[in-house]
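A short write-up of the structure that comes next.
Values below: all heavy atoms of this structure, side chains included; hydrogens, waters and symmetry mates excluded. Treat the numbers as computed from the prediction; the structure is a model and nothing was measured.
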Amino acid sequence: MPIAVTGASGQLGRLVVENLLATGIPAANIIAIVRNTAKVVDFAARGVTVRHADYTDRTAYYSALDGVERLLLISTPGVGATVMRHANVVEAAVAAGVGHIAYTSILHADTSSNPLADEHAATEKLIAATRIPATMLRNAFYTELYTSQIPTYTAVGAVVSATGEGRISAATRADFAAAAAAVLTSDDNESRIYELGGPSFSLAELADEVTAVTGTPVAHRNLSEADFVTDRQAAGMGSGAALFAAAVDASIAAGEMETGSTSLAQLIGRPRHRSPKHSARPPRHLPSPKADSHTWPSGRPGIPAGAAQPLNTIQKEGTMPKGIAVIVGVGPGLGIALARAFSEAGHPVALLARNKERLDQYTSELSALSAHQPVRGYAADAADPDSLRAAINTAINELGAPEVLAYNAALLRPDTPTDRDDAGWANSLAVNVLGAKVAAETVLAALPGHGSLLFTGGGLAYAPNPAYASLSVGKTALRAYVHTLAAELSGTGVHATVVTIDGGIGGGEERFEPSVLAQAYVDLHHQAPEDWRPELMRS
């Protein structure tokens, strides 16, 4: 069973490869993917298959993942473009037919305010969207993050933070690596989420332990976030880095870097390495282990709290929720059918329409049918860019990051090519074309590296009707816009498609029934990247 490890020359990656070798996996079946092959000549000498690829080079990953059955995607460090780098690997994994993806995420990725969490949550989401069985290894901080700073602590005489009494379930890289190797070599191919961490400690306890071990008095100097930023800048840290560090500490203070889960010990089959607080003597003041259990919605009892949980079985505890579906242009036909279809597919839904009274009615009706996914309505005029942007951004702020845009707005206005109603033409084209562009750019800016931008086109793009001139021009322009948008987004993990409906919606023919057409949009969103096309013709 070929197993690949990305970033295999890094500290964690090396430990994972060593664990795989120690478990008896044939070296030739271990694929170490690295940016610099010179750093892993020792692995190559032991028979490990070494392949070159950079997270920024999707093409290289197509080759690097050839024949791989199970993949460990070790997250790239830093904040910024990491999701797109991860997307390159994930897309290549889909193309290569990888059977299972494990990803090193962060503790409580889906709920944490930690500034590192958003990009991890976005990566989890894009992996889930592939429908490849996946394991999310939500790791707490490394113990080494703190032990490496002991010389600084003793030199300054303090551990300086804004963590308050927050506790940290840190564990060693060796433990996290062993857990990853256990997942990679397991016969279990279910999708799971593990919250992983060791015995927790506060930074006050860390300071006490450093004092006891080194003999140098070290205190915990806890500051407010603002004072911490000032203190760090005075110590030579840049303002951006200081603000980032303060946000991390605020997350710790909120309890977001602590877990009571025993999953790490269960995976590695031995007690977790002691935290730095307990590095020199027996643990003190540790809470008694609890065997809390709960019943899943599926009715299966007895799963310990914090233990591995299959994806798609729970919504609140340890799941990877789907992003919202933004439906622009909700009416009694295709619009409400699209909202219903994406709600049934598990997405929170934002309904956008100009008529607030009808919008409230649709929202109420759909909410009654959707017991699990939130449905909210937002009044917006697709012809008014400011109104449309504001409504979409409000929906995103209230419901979460988007995953799908279905632009279904259109102005069916009878007019002729020589119609002198300039304002009417401008309004028609604003709804039919400009609104699509505004909605796409607004949603695109908030997409977590993967998603679908779907647009309702029409047969008038191919057979313009002089009695509906502005609509004909609008649908032709919309088709051209989506084709150019799809070309621009090629390789980014975002699917842009226009659904050209060459027939009367709801006219009695089954293929033009709103529910049938809406399902086609959902199917497009779930299409494999190799099947993406800029247009789907329904005639």
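Proximity of Leu196 to Leu267: side-chain heavy atoms (C-beta onward) are separated by under 4.5 Å at one or more points. Counting heavy atoms from C-beta on, the side chains of Leu388 and Leu352 come closer than 4.5 Å. Residues Leu21 and Val48 are in side-chain contact: their nearest non-hydrogen atoms beyond the backbone lie under 4.5 Å apart. Side-chain contact check for Leu203 versus Asp249: every heavy-atom pair is 4.5 Å or farther apart. Annotation: side chain of Phe176 is not in contact with side chain of Leu15 (no heavy-atom distance under 4.5 Å).
Panel note: side chain Thr185, backbone Ala181; a donor-acceptor pair is recorded below 3.5 Å. Looking only at distances, a side-chain donor or acceptor of Asn222 sits under 3.5 Å from a matching main-chain atom of Gly164. The backbone N or O of Asn393 sits less than 3.5 Å from a side-chain atom of Asn397, completing a donor-acceptor pair. Not one N or O on the side chain of Trp532 forms a donor-acceptor pair closer than 3.5 Å with the backbone of Ala496. No donor-acceptor pair closer than 3.5 Å links the side chain of Ser9 to the backbone N or O of Lys39. Checked by atom type and distance alone, the side chain of Ser112 never pairs as donor or acceptor with a backbone atom of Ala109 at under 3.5 Å. Without hydrogens or angle criteria, Thr123 side chain to His86 main chain gives no donor-acceptor distance under 3.5 Å. Between the side chain of Arg167 and the backbone N or O of Ser200 there is at least one donor-acceptor pair closer than 3.5 Å.
Glu144 and Thr172 share no side-chain donor-acceptor pair at under 3.5 Å. Side-chain atoms of Thr259 and Ser261 form no donor-acceptor pair, as typed in the model, at a separation below 3.5 Å. Of the N and O atoms on the side chains of Ser161 and His220, at least one donor lies less than 3.5 Å from an acceptor on the other residue. Counting only N and O atoms by type, the side chains of Glu91 and Tyr62 include a donor and acceptor under 3.5 Å apart. For the residue pair Asp227 / Thr230, no side-chain donor-acceptor distance below 3.5 Å is found, with atom types taken as modelled. Side-chain contact annotation: Glu258 with Ser169, donor-acceptor N/O pair under 3.5 Å absent. A side-chain donor-acceptor contact under 3.5 Å links Tyr55 and Thr6.
Here the NZ-CD distance, from Lys322 to Glu403, works out to 7.5 Å after rounding to the nearest 0.5 Å. Considering CD of Glu209 and CD1 of Ile150, their distance stands at 9.5 Å, rounded to 0.5 Å. To the nearest 0.5 Å, atoms CG (Leu264) and CG (Leu137) are separated by 10.0 Å.
The number of heavy-atom neighbours closer than 6.0 Å to CD of Glu165, taken from other residues, nucleotides and ligands shown, is 12 or below. Counted within 6.0 Å of CZ on Arg35, heavy atoms from surrounding residues, nucleotides or ligands total 12 or fewer; the atom is thus considered open.
Residues Val94 and Glu530 approach most closely at CG1-OE1, 4.1 Å, considering heavy atoms. Between Asp175 and Ile268, the shortest heavy-atom contact is O-CG2, 3.6 Å. Val183 and Ala102 get closest at one heavy-atom pair: CG1-CB, 4.2 Å. Nearest heavy atom pair, residue Ala8 against residue Phe43, reads O-CE1, 3.8 Å.
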Hey, mind stepping through His120 and His108 against ring-ring contact (aromatic ring centres under 6.0 Å, His included) and telling me if it holds?
CA-CA 10 Å; His120 284 293; His108 311 307; over 10 Å; no
Would you sort out whether His450 and Lys125 count as a side chain to side chain contact (heavy atoms under 4.5 Å, CB included), showing the intermediate values?
CA-CA 8 Å; His450 178 92; Lys125 186 179 294 184; over 6 Å; no
Arg85 and Glu119: CA distance, side-chain angles, deciding distance, salt bridge (Lys or Arg N to Asp or Glu O under 4.0 Å) verdict
CA-CA 11 Å; Arg85 293 175 187 144; Glu119 292 183 77; over 6 Å; no
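A side chain to side chain contact (heavy atoms under 4.5 Å, CB included) with Phe342 is found for exactly one of Ile324, Val326, Ile327, namely Ile327.
A ring-centre distance under 6.0 Å is not found for His495 and His526. Aromatic ring centroids of Tyr153 and Tyr146 lie 6.0 Å or more apart.
Residues satisfying the side-chain hydrogen bond (donor to acceptor under 3.5 Å, both in side chains) criterion with Arg173, sequence neighbours excluded, are Gln11.
Remark: Arg51 fails to qualify as a cation-pi partner of Tyr61 under the 6.0 Å distance and 45° angle criteria applied to the six-membered ring.
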